[in-house]
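One structure below.
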2 protein chains.
Amino acid sequence: MTDTAKPRIEEVARVAGVSKSTVSRVINGEQYVSARARNAVHEAIAQLGYSPNQAARSLAGNRANAIALVVSEQGSRVLSDPFFASVLRGVHAELTGRRIQLLLMMSQPADNIDLVAYLSGGHVDGALLVSLHGADPLVAMLTGIRLPVVACGRPLGGSVPFVDADNFNGGLEAGRHLVSLGRRRVATIAGPRDMAVGMDRLSGWRRAMSEARLADDLVQEADFTPESGARAMASLLEREPELDAVFVAADIMALGALQVLHARGLRVPSDVAIVGFDDSVLASTATPPLTTVRQDVEQLGRTMTWRLLAELAGEPDLPPSLLLPTSLVHRASA
Amino acid sequence: MTDTAKPRIEEVARVAGVSKSTVSRVINGEQYVSARARNAVHEAIAQLGYSPNQAARSLAGNRANAIALVVSEQGSRVLSDPFFASVLRGVHAELTGRRIQLLLMMSQPADNIDLVAYLSGGHVDGALLVSLHGADPLVAMLTGIRLPVVACGRPLGGSVPFVDADNFNGGLEAGRHLVSLGRRRVATIAGPRDMAVGMDRLSGWRRAMSEARLADDLVQEADFTPESGARAMASLLEREPELDAVFVAADIMALGALQVLHARGLRVPSDVAIVGFDDSVLASTATPPLTTVRQDVEQLGRTMTWRLLAELAGEPDLPPSLLLPTSLVHRASA
DNA sequence: GGGCCCGCAGAAAGCGATCTCGGAAACTGT
DNA sequence: ACAGTTTCCGAGATCGCTTTCTGCGGGCCC
């Protein structure tokens, strides 16, 4: 009954009684095709169950119809992060409907050269950069080959278009909230110095402290793991046993901090109030549930993708970078 | 200095002083190429920074050089799961080095037909199926188009090759451990009835109970979310306030269960011992840290990929399915 | 009514690889 | 020395599309 071989454009053309060119025009939604022809083609496509061969399209059309999601993973930690999962979901959401494939690529610093060679090989039309650290040489290499690129989060080095949450404002709100609770000895567990996320949230917190004329010296750096969060908390407590609030720049680090506080018999929030960042699933399941700065990570993924596709489509006057709003989610921990 | 246009195979051939055919042979590692020619080609490639055009390769070679990772996502919950992230990492690890791309595809039941059309369109050489529920129609549709496929976890319906953790054994070990602790009223929060993971772990637990001649009636189903875990725990406590142990079929559900226990003033492990499953990051950061059944999820991803590639390579006598070992990780909760 | 523009459609030339053929060396064995 | 292999190499067709480029009607203007 059904043909075993998958139909080609030629076949569709024959069935529709038009030429290959016309079928191609219909598929690509070009103008100058009569309604009659268009319908005939659509019917033929449906009848044959035709689906165009991507490889041929890319080859002939001189574009890949694919974008890469480049995960710059130091220690491959990134992927375990729910953050990444949400970005991915957003990216995918924005991509559905358009015939664009998502290629997943991970870069170890070691094979950056291979990566760049591949990306410059015309295999993808653009790239989304996730989890850049410091002045990642990748950024420079990529801008060098003039491949359209959008970064997830403000990169510290280079100047690529990026989309990010309004981290400064998030830190500011977190700090203000803790202050409004009457806390006077407020600490922060910041992100690593080599990532803008960390620095921006820290700046926001600092601003809040200075607004309230409080000291902003209780800063401890950590690296977005629960363990580092625990260590940072311990060291803060050592420096200032009397601290009564902490802004932790990521929920996942807040978990570690919580453990340490529990272990020392300090109660949250009565002894120490905690505000996290991300509003990940971790925040709502923690004990106690974390008050945290919500960022819409899925929206972040969507916006990045939108920005990249817009650039690919040649839209003029695109903003180089975009900041997404954050908001404080009130739960039990502060 | 450097040529702006990216070099083609023709260019490489010219520089190396051989024909396109020979360059192609070298690139694809075929035999019957002299060492002299091989070296010349390699040098030319390095000198020109040549990277073959995937689209052209796929078109001419009649294979896609790509595999799809199909995430069957009801409510897109899957992606947030660290489990998925680890699988992904494993898949990617196995893929590096070979020139094979990973396409990420998500399927809503609604557009299964589109998905299948795409997959059968020769755009990918095979597919990895993640997070199948019950007798997902996707499986049948996919086997129908004879696309090589490997599932992540035993699918309930259909009969596709799959790789899975030894869930039965994991449940068994968990149950035995609780029994060995002297617990006599052991409950379980199982996975959903329509997923083999859940059922297999449950069977293992049942086996352990019967070995110890204990009742196996305290079973409550949940759906791999913290909230459902909490609800299940609450309902178990209602049915049997005296229960002294719970095997929770996923760490993420165990978090919910823990919250409920905390809320009721029950202490873990003294009042109620808990064993989770997965050994995800959640397990070690929970309060108290969870004793859990470890499965090497990354290895799972690698094994799936290996199995799929082996099939694509036409290797004979491949085992239809593979079970990966599990082991109990002792922490504070049991 | 002749020239033009406009809307539409088909023929054919690529896109950049792979792969089939057939031929030419280089080795065999006798 | 000669036929028969085995190893190596190149010419050219081919993959399934997109994209010019050209052509053809028909309405409009003058």
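Scope of the values below: all heavy atoms of this structure, side chains included, with no hydrogens, waters or symmetry mates.
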- Between B:D125 (side chain) and B:R63 (backbone), is there a donor-acceptor pair under 3.5 Å? no
- May I ask you to check whether over 12 heavy atoms, not counting those of A:E10, lie within 6.0 Å of atom CD? no
- Item | Exam field: side chain A:R89 to backbone A:E298, donor-acceptor pair closer than 3.5 Å | no
- B:N28 CG to C:dA17 P, straight-line distance once rounded to whole Å: 11 Å
- Note on the structure: Smallest heavy-atom separation, B:R302 atom then B:G90 atom, equals CG-O, 3.2 Å
- Compare all side-chain heavy atoms of A:R57 with those of A:N28 and state whether any distance is below 4.5 angstrom. yes
- From CD1 (B:I9) to OG (B:S24), nearest 0.5 Å: 5.0 Å
- Item | Base versus backbone protein contacts along nucleotides 4-11 of chain C [heavy-atom cut-off under 4.0 Å; B, S, -] | ---SSBBB
- Message: Treating A:H123 as the side-chain partner and B:A55 as the backbone partner, does any N or O pair qualify as donor plus acceptor under 3.5 Å?
- Response: no
- Item | A:Q299 backbone acceptor or donor facing A:T303 side chain under 3.5 Å | yes
- Item | Span of DNA chain D, from the first to the last nucleotide whose atoms fall under 4.0 Å of chain A heavy atoms | D:dG16 to D:dT20
- Item | Under-4.0 Å side-chain N/O to phosphate OP1/OP2 contact, B:S24 with C:dT18 | yes
- Find the distance B:K6:NZ to C:dG16:C1' and express it as a whole number of Å. 10 Å
- Query: Who are the side chain to side chain contact (heavy atoms under 4.5 Å, CB included) partners of A:L102, not counting sequence neighbours?
  - Reply: A:I67, A:L69, A:L88, A:V91, A:L95, B:L104
- Message: I'd like to know if the side chain of A:R307 and the backbone of A:P319 have a donor-acceptor N/O pair within less than 3.5 Å.
- Response: yes
- With B:R8, which residues qualify under salt bridge (charged side-chain N to carboxylate O under 4.0 Å, His left out), at least two apart? none
- Within this structure, what is the CG-to-C1' distance between B:L48 and C:dG16, rounded to whole angstrom? 15 Å
- Under 4.0 Å from any atom of DNA chain D, heavy atoms only: list the residues of residues 55-66 of chain B that qualify, in numerical order. B:L59, B:A60
- Query: Is the side chain of B:S58 donor-acceptor paired with the backbone N or O of B:Q54 at a distance under 3.5 Å, no angle test?
  - Reply: yes
- Item | Between C:dC15 (P) and B:Q54 (CD): distance, integer Å | 19 Å
- Query: Taking all atoms of both residues into account, what is the closest heavy-atom pair of A:K20 and A:A13, and its distance?
  - Reply: N-CB, 3.7 Å
- Message: Please report the end-to-end axis angle for the helix from C:dG1-D:dC30 to C:dT30-D:dA1, five pairs per end, rounded to 10 degrees.
- Response: 30°
